[in-house]
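In what follows, a structure is listed as structure tokens, so that the remarks can point back to it.
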Amino acid sequence: MERIPVVVAGATGRTGGAVGRAISRENDMELIGALSLRHAGVSLDTVWGDPDCEVVMRADLDHI
């Protein structure tokens, strides 16, 4: 099965974080990127406390 690549905007916010964590647990989706101006360069495992999510947040889509 092909997984759907997903990028979450606002990954450190309440809604973006909840959506991103849900996507990272799905078998048919793959979290390939996350956007955050304030936390660009930081890995989601640090922010979410999820060691399985190693996506590094970027400031814009051009760097994903």
Side-chain angles (χ1 to χ4, degrees):
M1 170 174 55
E2 188 174 329
R3 296 174 74 188
I4 301 165
V6 179
V7 175
V8 173
T12 59
R14 182 180 296 166
T15 302
V19 169
R21 285 189 290 275
I23 289 168
S24 70
R25 291 188 299 261
E26 292 298 319
N27 293 327
D28 61 343
M29 296 183 206
E30 180 180 6
L31 186 62
I32 63 163
L35 300 176
S36 174
L37 287 174
R38 196 173 347 163
H39 295 94
V42 176
S43 178
L44 282 175
D45 63 348
T46 303
V47 177
W48 289 351
D50 181 357
D52 294 329
C53 191
E54 298 176 359
V55 172
V56 176
M57 291 177 278
R58 304 294 178 199
D60 56 57
L61 286 173
D62 293 334
H63 296 98
I64 291 184

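Under the 4.5 Å side-chain heavy-atom criterion for Ile, Leu, Val, Met, Phe, Trp and Tyr, Val8 and Met29 are members of the same hydrophobic cluster. By the rule that hydrophobic residues join a cluster once side-chain heavy atoms approach within less than 4.5 Å of another member, Ile4 and Ile23 end up as members of one cluster. Connection of Val56 to Val47 is not established within any shared hydrophobic cluster, with ILVMFWY side chains joined at heavy-atom distances below 4.5 Å, either directly or through further cluster members.
Atom CG of Asp60 sits in a crowded spot, with more than 12 heavy atoms from other residues, nucleotides or ligands closer than 6.0 Å.
Here the OG1 atom belonging to Thr46 is positioned 7.5 Å from the CE atom belonging to Met57, to the nearest 0.5 angstrom. Taken from NE2 in His63 to CZ in Arg58, the straight-line distance is 8.5 Å, to the nearest 0.5 Å.
Of the possible donor and acceptor atoms, none in the side chain of Trp48 sits under 3.5 Å from a partner among the backbone N and O of Ser43.
In this structure, Val42 and Thr12 have side chains that are not in contact, with every pair of non-hydrogen atoms separated by 4.5 Å or more. The side-chain heavy atoms of His39 and Leu44, taken from C-beta on, include no pair separated by under 4.5 Å. Here the side chains of Ser24 and Asp52 are not in contact, with every heavy-atom distance at 4.5 Å or above. Side-chain contact between Val6 and Ile32 is absent, with no heavy-atom pair separated by less than 4.5 Å.
Contact detail for Val55 and Leu31: the closest heavy-atom pair is CG2-O, 3.4 Å.
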